[in-house]
*Asks:* 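This structure is in structure tokens; I'll ask about it shortly.
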Amino acid sequence: MNDELYLILIFIMAMLLGYELIKKIPPTLHTPLMSGTNAISGIVIIGSILVITSASSLTVNILGFISLVLSSINVFGGFTVTDRMLEMFKKPKKRDKD
Amino acid sequence: MNDELYLILIFIMAMLLGYELIKKIPPTLHTPLMSGTNAISGIVIIGSILVITSASSLTVNILGFISLVLSSINVFGGFTVTDRMLEMFKKPKKRDKD
Amino acid sequence: MDSIHIILYFISSILFILGIKMLSSPLIARRGNIISFLGMIIAIITTLSYVEYEISSIIYIFSGITTGGILGLIFAKKVQMTSMPQMVAIFNGLGGLASSLIAFSEIIKVNNTISFNLISVSILMSILIGSVTFSGSITGFLKLQSLITGKPILIPLRNYFNLLILLSAIGLMIVSVLYSGNTLIFYTLLGVCLLLGILIVLPIGGADMPVVIALLNSYSGIVAAFTGFIFSNVALIISGSLIGASGLILTRIMTKAMNRSLVNVVLGGFGATATNIDSEASDKNYKSGSSDDIASLLEYSENIIIIPGYGLAVAQAQHSLKELLDVLENQQKNVLFAIHPVAGRMPGHMNVLLAEANIDYELLLDLDQVNEKFSQTDVSIVIGANDVVNPAAKLDKNSPIYGMPILEIEKSKSIVVLKRSMNPGFAGLDNNIFYNEKTLMLFGDAKDSIDSLNKSFKELN
Amino acid sequence: MDSIHIILYFISSILFILGIKMLSSPLIARRGNIISFLGMIIAIITTLSYVEYEISSIIYIFSGITTGGILGLIFAKKVQMTSMPQMVAIFNGLGGLASSLIAFSEIIKVNNTISFNLISVSILMSILIGSVTFSGSITGFLKLQSLITGKPILIPLRNYFNLLILLSAIGLMIVSVLYSGNTLIFYTLLGVCLLLGILIVLPIGGADMPVVIALLNSYSGIVAAFTGFIFSNVALIISGSLIGASGLILTRIMTKAMNRSLVNVVLGGFGATATNIDSEASDKNYKSGSSDDIASLLEYSENIIIIPGYGLAVAQAQHSLKELLDVLENQQKNVLFAIHPVAGRMPGHMNVLLAEANIDYELLLDLDQVNEKFSQTDVSIVIGANDVVNPAAKLDKNSPIYGMPILEIEKSKSIVVLKRSMNPGFAGLDNNIFYNEKTLMLFGDAKDSIDSLNKSFKELN
Ligand SMILES: NC(=O)c1ccc[n+]([C@@H]2O[C@H](COP(=O)([O-])OP(=O)(O)OC[C@H]3O[C@@H](n4cnc5c(N)ncnc54)[C@H](OP(=O)(O)O)[C@@H]3O)[C@@H](O)[C@H]2O)c1
Ligand SMILES: NC(=O)c1ccc[n+]([C@@H]2O[C@H](COP(=O)([O-])OP(=O)(O)OC[C@H]3O[C@@H](n4cnc5c(N)ncnc54)[C@H](OP(=O)(O)O)[C@@H]3O)[C@@H](O)[C@H]2O)c1
């Protein structure tokens, strides 16, 4: 009944939570953050699947297909490139510090 | 339709958000935090009002009344005592620091 | 309840969130508290705006809020800052009882018929957690106020017994769903839960009480959230979960600072066996000085660190301490305060106390910051603290406080300890630092000792 | 969609949250990325588990994911670390386009009949934001890749014109609700929005592009959340809002580090007028040295700070730099790196670059940490940086970068600058530090210069 309203509240709560979490990420990791969120934005892949499986016409099918390809690029490209980047940060070699 | 489920999700999101917020509160303010959250827990005052206004019997009315009194103590006592405490923290006098 | 009311409730929740967020800095914390209060007012007005009234309910509501409000205000004005732990305990208890009464009324309203759904489960959980919170908090209060002994009260096999009671409470909850409609079950459930709260808290020693209170604080939030599920109310749900998170984090901070686990605290008994002090204690030598001795020691010192503890709160010596601070600062000495995370009896207890005496919070250093400073310190003045400077925590593997990080005052050039006797602190342990050759004891109530120190110091100058 | 699917979607959202949270430390960041990926997999499988298939849709889905996946993987393996800004721009664009196509399909499905409710509004907003994100990102990409000029392209009265276009887009949205059922309106809307995206980004100068990209990143999140409202899908809503928040925060960090306001950036034109370099520039004297000169200077230095900038990335000189670091450290010299928050072209650009060369991130200091160190520094080596060390930001009130905090290398005993010419950096400003008497210029591509420096240094020893 109040479904839509509650979804909006969830949206706002997630924004606030995101704000608190991301504020704490050090500048060192800001580029991986950008490409990582890029990858997550590929979540619209869900929408593409929903469009295709409930498609009523060829046009819709094609639109859904295109958006599926685009969002899959985002997902697979995004996570892979972020992983490539983060791998570099993995192990700072041990050094004798002052 | 999915109201209840969404409310549970909101509950979890609020927990996570609370966790992030409260982790950042400095030890200096932990006592005010405890009494402040005490005051906020007086929010069950809403429940007491709802019980009274939909009361079907004297017993319910009395139960509602008692819980209303208790939660009002929490609300008014809690915020006042927290304010008293925080007032002390207000202005550190200026000092020449090294 | 229309959409507009849900939105208003959400706004009030956002204000609570903002209010808590503003507690992150002492400068804006007070405004944060006012914002939370505003959130509360919005929540109350919103509720009053959509419920249907009879004349009688108006009277109940008006008189209820007035009575509670006045009682709360009186209480808030009268309570001593040193009694904060007790106050938080009582308020937790009130919150728990209120929630459990609300849940009870809901059961009566539906004629005891409940089934397996979110509302019924929330009602049952509210009764369980609410009444445990209530009776547990009251027991904790009685212990803190020394109305019953602060020592752990140990019933044999208590943990099995408590488990049995918890299981029977859960059993009753299941029965109440299966044989719905029976009032007696609920009264029994209520009774069992109240008993459980008492029995859980009784075996817990006084030193662990603040942990338990933080835990009960968390419970009072969770029960508010369950109340929220009963009424599908976002304000209750969100603020309840904030409180729940807050209590849990404080619990964790305290147990971590004491190097204990939560399970270890809750199982109880801590401090009950540790009281048999090392018998050689009485053989060891300590030096005790007069306030004049100490004043002249301070006279020739440059860097001074003061370590306040529970005794400062008991003696209400914070204002005298502020005077001492002023006197020392007038002599161009560097004075700092070392605040251990579990000094006193509440998280942040010392901070509130020193703030009350108008001592600048920028002088207060926490464990990490201060421990590297002791080696350049001329005098460490311990005022009514004990466990937080006990080296046994670092050295003695068998000590019950082993592993707790402490303030490392033994690194400083000399040590002065203000307390009334050689008696142990809350953990009931002897403290080798008092027998250190660098240490000078000044016996007496902390306030009296500081006052005479001030006098001696002034006479010197 | 049953409750169980909502719960699964929520679990996948929690994994995204956890994954982002783990980006707070380089040590666990990689695991965090894998956790986010897991969240994505769960979301996809959940979706596939409850939709109804025809044979054709199975083919579409399978081939779509495979095609996209392979393209994505190829792209991810091939892309240079220096091209990150472009890559992020493209990915933003793809996300925006995907969302806007989804919204478009939904409109077609309901036969263009929309009304004033959350779903319809979300559809319209998805089209608006999605296509602006798409065309804006692609324009940004073209500029970054220098396929069109990086300079601001300034159409007269552009801001009024853009406002007009935005208003007409909104007008079209309203019309589409009022005269529901008309396909043409939606095509017009799409066209107008695409135009808007291009026109918004065209006047923005290359130096401001990263800010715009972060902003578009935020948009791509918000549009995902709107897609979530269309399908009542919590995974889309929550992850969309996380991305939205992330982009906004990065935007704010960058504008703050440049001491600009977001409005100022978005109105565009920055750097268009600033290119007329101070005419006296050519009169001023600078000293230029050979790699041998600099090697012997370094030979007698103890504390060295390296300031990398955009030129390091262009020259791909990070591996040579690592070699230089090793050589210097072998000589027991203290070498640190000073990372300005907007050095390079992306937030954290330098960090990624140096990490790629296996330079320990503990040697990387940020603005606050490093500025107090310059006074004890013997040599500051500036490699392909310019604006981030331009004292005009502190001294010249009329400079477009006035107020931006800079790395204060003028405090160090001597300065070495590696760049190709006396040309200005991205803000198009002359830099007085190059004419400082402490400064020695080493002209040439950064990689070549560092390599010859390494050679000279080795010959010395
Ligand atoms: N703060 C928290 O959140 C928290 C939470 C849980 C547990 N605890 C526990 O509480 C303890 C706190 O350590 P602490 O060092 O602050 O206190 P403590 O170890 O309890 O020692 C307090 C000392 O103050 C002295 N004292 C009492 N009244 C005094 C008075 N009027 N004037 C002068 N001295 C007086 C007592 O010695 P005399 O009797 O000889 O005077 C006692 O040794 C720790 O064991 C900690 O684990 C604290
Ligand atoms: N990082 C971000 O997130 C971000 C965001 C928005 C804006 N920006 C802007 O980007 C700028 C960053 O400052 P910056 O100091 O890093 O860069 P910069 O001011 O753009 O200076 C880069 C310098 O590198 C030199 N260079 C270029 N290619 C080279 C090569 N192959 N070898 C050697 N040197 C080379 C150039 O001089 P020559 O041509 O003489 O070689 C140029 O002066 C700032 O204006 C900042 O506001 C950055």
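Order of the sequence lines fixes the chain letters, A, B, ..., with proteins taken first and strands second; residue numbering starts at 1 for each chain.
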*Asks:* Which distance, rounded to the nearest 0.5 Å, do you find between the OG of C/Ser57 and the CG of B/Asn61?
*Replies:*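 Output value for this atom pair is 7.5 Å.
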*Asks:* Side chains of C/Glu52 and B/Thr53: closer than 4.5 Å at any heavy-atom pair?
*Replies:* no
*Asks:* Which heavy atom of B/Gly78 sits nearest to which heavy atom of C/Phe91, and what is that distance?
*Replies:*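 In this case the closest contact between B/Gly78 and C/Phe91 is N-CE2, 3.3 Å.
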*Asks:* Less than 4.5 Å apart, any side-chain heavy atom of C/Leu23 and any of B/Ile22?
*Replies:*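 With C-beta onward as the side chain, the pair stays apart.
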*Asks:* Taking side chain as everything from C-beta outward and backbone as N, CA, C, O, which of these in C/Ile249 sits under 4.5 Å from a heavy atom of chain B? Side chain, backbone, both or neither.
*Replies:*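 Interface part for C/Ile249: side chain.
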*Asks:* Is there a side chain to side chain contact (heavy atoms under 4.5 Å, CB included) between C/Ile20 and B/Ile25 once you walk through the steps?
*Replies:* CA-CA 9 Å; C/Ile20 288 181; B/Ile25 296 179; 4.1 Å; yes
*Asks:* What part of B/Leu16 lies closer than 4.5 angstrom to a heavy atom of chain C: side chain, backbone, both or neither?
*Replies:*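 For B/Leu16, there is no contact with chain C at all, as no heavy atom is under 4.5 Å.
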*Asks:* Hey, what do you get for CD1 (B/Ile46) to OG1 (C/Thr227), rounding to the nearest 0.5 Å?
*Replies:* 10.0 Å
*Asks:* Is C/Phe16 atom CZ crowded by more than 12 heavy atoms from other residues, nucleotides or ligands, each under 6.0 Å away?
*Replies:*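 Counting other residues, nucleotides and ligands, CZ of C/Phe16 exceeds 12 neighbours.
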*Asks:* Let me know if B/Thr59 has heavy atoms under 4.5 Å from chain C in its side chain, its backbone, both or neither.
*Replies:* side chain
*Asks:* Can you tell which part of C/Ala103 gets under 4.5 Å to a heavy atom of chain B, answering side chain, backbone, both or neither?
*Replies:*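 The answer is neither part of C/Ala103.
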*Asks:* Identify which of B/Met34, B/Met85, B/Met13, B/Lys24 forms the greatest number of heavy-atom pairs closer than 4.5 Å to chain C.
*Replies:*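 Counting heavy-atom pairs under 4.5 Å, the top option is B/Met34.
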*Asks:* Between B/Ser71, B/Ala39, B/Ser48, B/Gly36, who has the most heavy-atom pairs with chain C when the cutoff is under 4.5 Å?
*Replies:*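 Highest number of pairs under 4.5 Å: B/Ser48.
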*Asks:* With only heavy atoms counted, which part of C/Ser63 is less than 4.5 Å from chain B, the side chain, the backbone, both or neither?
*Replies:*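 Both parts, backbone and side chain.
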*Asks:* Heavy-atom distance under 4.5 Å between the side chains of C/Thr67 and B/Ser72, does that happen here?
*Replies:* no
*Asks:* Sub-3.5 Å donor-acceptor pair from the side chain of C/Arg30 to the main-chain atoms of B/Met88, do we have one?
*Replies:* no
*Asks:* At their closest point, which heavy atom of C/Leu101 faces which heavy atom of B/Ile66, and how far apart are they?
*Replies:* CD1-CG2, 3.6 Å
*Asks:* Just wondering, do B/Leu68 and C/Ile65 contact through their side chains at under 4.5 Å, heavy atoms?
*Replies:* yes
*Asks:* Given heavy-atom pairs under 4.5 angstrom as the criterion, report whether the side chain, backbone, both or neither of B/Ile45 touches chain C.
*Replies:* side chain
*Asks:* Using non-hydrogen atoms and a 4.5 Å limit, figure out which bit of C/Tyr60 sits close to chain B: side chain, backbone, both or neither.
*Replies:* both
*Asks:* So what's closer than 4.5 Å to chain C heavy atoms on B/Val51: side chain, backbone, both or neither?
*Replies:*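 When you check distances to chain C, atoms from both the backbone and side chain of B/Val51 fall under 4.5 Å.
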*Asks:* Counting only heavy atoms closer than 4.5 Å, note whether C/Met87 contacts chain B via side chain, backbone, both or neither.
*Replies:*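 Contact with chain B involves both backbone and side-chain atoms of C/Met87.
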*Asks:* Chain B: which of C/Ala98, C/Ala225, C/Gly344, C/Ala235 shares the most heavy-atom pairs with it under 4.5 Å?
*Replies:*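 Most heavy-atom pairs under 4.5 Å with chain B: C/Ala98.
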*Asks:* Considering only heavy atoms, which portion of B/Leu33 lies under 4.5 Å from any heavy atom of chain C: side chain, backbone, both, or neither?
*Replies:*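 Both backbone and side chain of B/Leu33 come within 4.5 Å of chain C.
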*Asks:* Mind listing the closest non-hydrogen atom pair of C/Ser105 and B/Val60 along with its distance?
*Replies:*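 Answer, listing the atom of C/Ser105 first, then B/Val60: CB-CG1, 3.9 Å.
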*Asks:* Can you find a pair of side-chain heavy atoms, one from B/Pro27 and one from C/Ile339, that are under 4.5 Å apart?
*Replies:*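 When only atoms from C-beta onward are counted, C/Ile339 and B/Pro27 do not touch, as no gap falls below 4.5 Å.
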*Asks:* Quick one: does C/Ile108's side chain get under 4.5 Å of B/Leu63's, heavy atoms only?
*Replies:*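 SC-SC contact between C/Ile108 and B/Leu63 confirmed.
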*Asks:* Can you name the closest pair of heavy atoms from B/Leu29 and C/Ala29 and give their distance?
*Replies:* CD1-CB, 4.1 Å
*Asks:* Of the backbone (N, CA, C, O) and the side chain (C-beta and beyond), which part of C/Ile213 lies under 4.5 Å from a heavy atom of chain B, both, or neither?
*Replies:* both
*Asks:* Taking side chain as C-beta onward, heavy atoms only, is C/Leu242 less than 4.5 Å from B/Thr37?
*Replies:* no
*Asks:* Indicate the atoms forming the closest heavy-atom contact of B/Gly18 with C/Ala245, along with that distance.
*Replies:* C-CB, 4.0 Å
*Asks:* Mind ranking B/Thr31, B/Ile8, B/Ile12 by heavy-atom pairs under 4.5 Å with chain C and telling me who comes out on top?
*Replies:* B/Thr31
*Asks:* Does any heavy atom of chain C fall under 4.5 Å from the side chain of B/Leu58, the backbone, both, or neither of them?
*Replies:* side chain
*Asks:* Measure distances from B/Ile43 to the heavy atoms of chain C and classify the residue's part below 4.5 Å as side chain, backbone, both or neither.
*Replies:*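 Both backbone and side chain of B/Ile43 come within 4.5 Å of chain C.
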*Asks:* With a 4.5 angstrom heavy-atom cut-off, which part of C/Ser246 approaches chain B: side chain, backbone, both or neither?
*Replies:*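 It is both, since atoms from each part get that close.
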*Asks:* For C/Ile102 and B/Gly47, which heavy atoms make the closest approach, and how far apart are they?
*Replies:*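 For C/Ile102 and B/Gly47, the tightest heavy-atom pair comes out as CD1-C, 3.7 Å.
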*Asks:* Below 4.5 Å, heavy atoms only, C-beta onward: do C/Tyr50 and B/Leu50 meet side chain to side chain?
*Replies:* yes
*Asks:* Does the side chain of B/Thr80 come under 3.5 Å of the side chain of C/Lys77 through a donor N or O and an acceptor N or O?
*Replies:*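 Absent: no donor and acceptor within the cut-off.
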*Asks:* Is the distance between the ring centroids of B/Phe11 and C/Phe229 less than 6.0 Å?
*Replies:* yes
*Asks:* Please state whether the side chain, the backbone, both or neither of C/Asn92 comes within less than 4.5 Å of a heavy atom of chain B.
*Replies:* both
*Asks:* Could you give the distance from CZ (B/Phe65) to CD1 (C/Ile61), rounded to the nearest 0.5 Å?
*Replies:* 11.0 Å
*Asks:* Quick one: what part of C/Ile253 sits under 4.5 Å from any heavy atom of chain B, side chain, backbone, both or neither?
*Replies:*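 For C/Ile253, the contact with chain B is made by the side chain alone.
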*Asks:* Would you confirm whether C/Asn33, through its side chain, and B/Leu86, through its main-chain N or O, come within 3.5 Å as a donor-acceptor pair?
*Replies:* no
